[in-house]
Amino acid sequence: MARITASVYTSHVPAIGAAIDTKKTGEDYWKPVFKGYEFSKEWLKNEKPDVIFLVFNDHATAFSLDFIPTFAIGTAAEYTPADEGWGPRPVPKVIGHPRLAGHIAQSVIQDDFDLTIVNKMDVDHGLTVPLSLMCGEPQAWPCPVIPFAVNVVQYPVPSGRRCYMLGQAIGRAIRSYDEDLNVQIWGTGGMSHQLQGPRAGLINREWDNAFLDQLIADPDALSKKPHIDYVREAGSEGIELVMWLIARGAMSDAAGGAKPKVAHRFYHVPASNTAVGHLILENA
């Protein structure tokens with residue numbers, strides 16, 4: 001049967017992708033950011049998964065205000081990097097895993113979660129920046145990826161509790177797949193940031209690190225945090241952090257198993273106008 005061996009959490013700041021693509025990672029401003037992922041790159045080489053289930057949010061590329069699915073699973077064989085207004089990122093095409101994605105969709109929908117099935121989708125920085133941070137600049141990504149898009153752009157957005165419970169359902173779905181696969185689940189977005197209005201540039205270091213503490217130690221309680229707390233403390237775009245709860249809900253302890261091991265934790269401010277958080281949890 002398939003198994004979830006680890007979860008990975010990381011911000012997906014578009015300026016990070018631009019720094020990689022324009023060869024600025026060695027500049028003094030960016031060095032501390034990329035240093036925080038040096039361990040992660042080696043870890044991923046040693047713990048290479050067969051499939052990555054990657055939770056992200058689309059930034060008006062695959063979807064728009066004309067059509068906004070709350071949860072959308074990619075079931076295609078491949079995905080092209082999106083043109084977000086300045087051309088597609090110069091990164092490899094993303095190869096999907098239609099059979100596992102179809103199984104997850106079937107299982108999760110039968111588990112009473114409504115998913116939108118997406119058979120054709122371009123993927124933006126929300127998905128490609130985490131891959132770049134963890135994999136560097138390869139000719140091809142190291143394994144197939146199942147994109148899972150969550151609406152955290154246009155209200156109403158799903159609650160943290162709903163996301164955590166959905167993660168539990170995804171975990172059950174993956175563990176019921178009848179092929180010996182090593183699956184990692186990644187949650188992306190956040191941490192604290194606000195891009196507009198009088199609070200533009202807001203970063204809350206204390207709140208971010210308290211979120212990481214609770215994500216590790218008590219995700220069930222964290223999942224009950226109301227939206228207003230995210231917006232007030234982490235900024236209007238801080239709500240992206242509910243996507244981390246999907247990845248956390250898929251871990252073994254959320255199904256009654258042992259607590260995960262913290263393999264790596266990193267936090268840095270700022271990167272562009274955003275706090276960067278990163279965490280790797282390994283299932284016991």
Under the ring-ring contact (aromatic ring centres under 6.0 Å, His included) rule, collect the residues that match up with [X], sequence neighbours excluded.
{"X": "W141", "value": "none"}
{"X": "H193", "value": "none"}
{"X": "Y37", "value": "F266, H278"}

Shortest non-hydrogen contact from [X] toward [Y]:
{"X": "A62", "Y": "D58", "value": "N-OD1, 2.9 Å"}
{"X": "V157", "Y": "V152", "value": "CG1-CA, 3.7 Å"}
{"X": "V118", "Y": "M121", "value": "CG1-CB, 3.5 Å"}
{"X": "A271", "Y": "W30", "value": "CB-CZ3, 3.9 Å"}

* To do: Flag yes if more than 12 heavy atoms outside M134 fall under 6.0 Å of its CE atom; otherwise flag no.
  => yes
* Please indicate whether D114 has more than 12 foreign heavy atoms, meaning atoms of other residues, nucleotides or ligands, lying under 6.0 Å from its CG. => no
* So do the side chains of F56 and D124 get within less than 4.5 Å of each other, counting heavy atoms only? -> yes
* Asked: Less than 4.5 Å apart, any side-chain heavy atom of C143 and any of D50?
  -> no
Ion pair present between [X] and [Y], side-chain N to carboxylate O less than 4.0 angstrom?
{"X": "R3", "Y": "D180", "value": "yes"}
{"X": "D83", "Y": "R89", "value": "no"}
{"X": "R265", "Y": "D213", "value": "yes"}
{"X": "D112", "Y": "R162", "value": "no"}

* Could you tell me whether the side chains of T61 and D122 share a donor-acceptor contact shorter than 3.5 Å? => no
* Verify whether one side chain among N57 and H12 offers a donor that lies under 3.5 Å from an acceptor in the other. => yes
Ignoring hydrogens and angles, tell me if any N or O in the side chain of [X] forms a donor-acceptor pair with the backbone of [Y] under 3.5 Å.
{"X": "N209", "Y": "R205", "answer": "yes"}
{"X": "Q184", "Y": "V8", "answer": "no"}
{"X": "S223", "Y": "D220", "answer": "yes"}
{"X": "R199", "Y": "R232", "answer": "yes"}
{"X": "K120", "Y": "A76", "answer": "no"}
{"X": "H125", "Y": "A82", "answer": "no"}

* To do: Step through it carefully: locate the ring centre of Y230, locate the ring centre of W207, and say whether they are under 6.0 Å apart.
  => yes
